[in-house]
Asker: 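Mind looking over this structure? Questions follow.
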Amino acid sequence: MRFATWNVNSIRARVDRVVDWLQRSDVDVLAMQELKCRPSQFPFQRFEDAGYEVHMHGLNQWNGVGFASRIPAEDVVEGFPGMPEWGASGLEARALGATFDGVRLWSLYVPNGRELDNPHYTYKLDWLKALADDAAGWLAAEQPLALMGDWNIAPRDEDVWSMDFFAGRTHVSAPERAAFQRFIDLGFRDVVRPYLPEGYTYWDYQQLRFPRNEGMRIDFILGSPEFASEVTGASIDRDERKGEQPSDHVPVIVDWGPDDRPMVF
DNA sequence: ATGGTTGATCCTCAA
């Protein structure tokens, strides 16, 4: 099976690209973030015509998470217990869980944080702590489980194009990196890094960041031990940042399952 | 060519 995650930055602006990519890439389940729409606005038919069912969670023009899959989704859950609210606007559409053929997946859009002294930064850290608290319990199920999405954290210095540029900014701060590391300490593994030690997943639209390859690695797939042990490959589809109307993020893909296992002795 | 973003509830906010 092939699983992927992609912050599509508006599904309505990019449905052609996303559906074309799904079919071309032979993906079974795609976790999507930043759909930027409510269910009534989602182009469900375009996915269904391509053989994919969609489950999505969207409340307004911001955030929005979902799954497109060739496998039926079971036990679909919006948000997680204890997920913090954002001020008066309440719960945001940043997490959707679903099970596909026994594999539990989460599509996650971690709050951006904006600046270190911004209330969104505290919200981001609180949100990650609440997720980790719940995810610790999910691991006890000893079921294949993966947390997939836009984490808005660059865990290593080499995950940003310039540490000088990011000095004093979000995504690289010690508290954010500690929040990410907590998932690793719980037993999750970055299942892409062993196959691809280098490579960005995001380039800002501004300042010619992509032509200059001034990007960030902030989209990750963290697998439980039961998930990680069945991963047989991974890729980052950098080409999806090219061409007409790209998202500012690119897809991150893992190949998974006993049927995909190459011969290992 | 000495510049340079995109998307949404679209002239302001979010990333």
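A note on names: the letters A, B, ... follow the listed sequences, proteins ahead of strands, and every chain is numbered from 1. Both backbone and side-chain heavy atoms feed into the values below; hydrogens, waters and symmetry mates do not.
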Asker: Cation over ring, A:R193 on A:F188, under 6.0 Å and within 45°?
Answerer: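 That pair does not qualify as a cation-pi contact.
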
Asker: Using a 4.0 Å heavy-atom cut-off, does A:R38 contact any base of the nucleic acid, only the sugar-phosphate backbone, or nothing at all?
Answerer: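 The residue A:R38 makes base contact.
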
Asker: Centroid separation under 6.0 Å, is that true for the rings of A:W161 and A:W203?
Answerer: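 A:W203 vs A:W161: aromatic centres not under 6.0 Å.
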
Asker: Closest to the A:Q61 side chain: B:dA8, B:dT6, B:dA14?
Answerer: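 Of the candidates, B:dA8 comes closest.
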
Asker: Determine whether A:V110 and A:L222 fall in the same hydrophobic cluster, where Ile, Leu, Val, Met, Phe, Trp and Tyr are linked whenever their side-chain heavy atoms lie under 4.5 Å apart.
Answerer: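 The answer is yes; both residues are in one hydrophobic cluster.
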
Asker: Between B:dA15 atom P and A:E214 atom CD, what is the distance in whole Å?
Answerer: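 From A:E214 CD to B:dA15 P: 22 Å.
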
Asker: Answer yes or no: side-chain N or O of A:R212 and base N or O of B:dG4 forming a donor-acceptor pair under 3.5 Å.
Answerer: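 Yes, the side chain and the base share a sub-3.5 Å donor-acceptor pair.
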
Asker: Does the ring of A:F165 carry A:R169 above it, NZ/CZ under 6.0 angstrom from centre and within 45° of its axis?
Answerer: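 A:R169 over A:F165 ring: yes.
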
Asker: Remember a base hit wins even if backbone is also touched, and classify A:Q41 as base, sugar-phosphate or nothing at under 4.0 Å, heavy atoms.
Answerer: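 Sugar-phosphate: the residue A:Q41, judged by heavy atoms under 4.0 Å, touches backbone atoms but no base.
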
Asker: Which is true for A:R209 with a 4.0 Å heavy-atom rule: it touches a base, it touches only sugar-phosphate, or it touches nothing?
Answerer: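 Result for A:R209 = nothing.
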
Asker: Heavy atoms only, 4.0 Å cut-off, all strands: where does A:Y109 land among base, sugar-phosphate and nothing?
Answerer: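 Contact class for A:Y109: sugar-phosphate only.
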
Asker: Any base atoms under 4.0 Å from A:D204, or only sugar-phosphate, or nothing? Heavy atoms, all strands.
Answerer: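 No contact at all - A:D204 keeps every heavy atom at 4.0 Å or more from the nucleic acid.
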
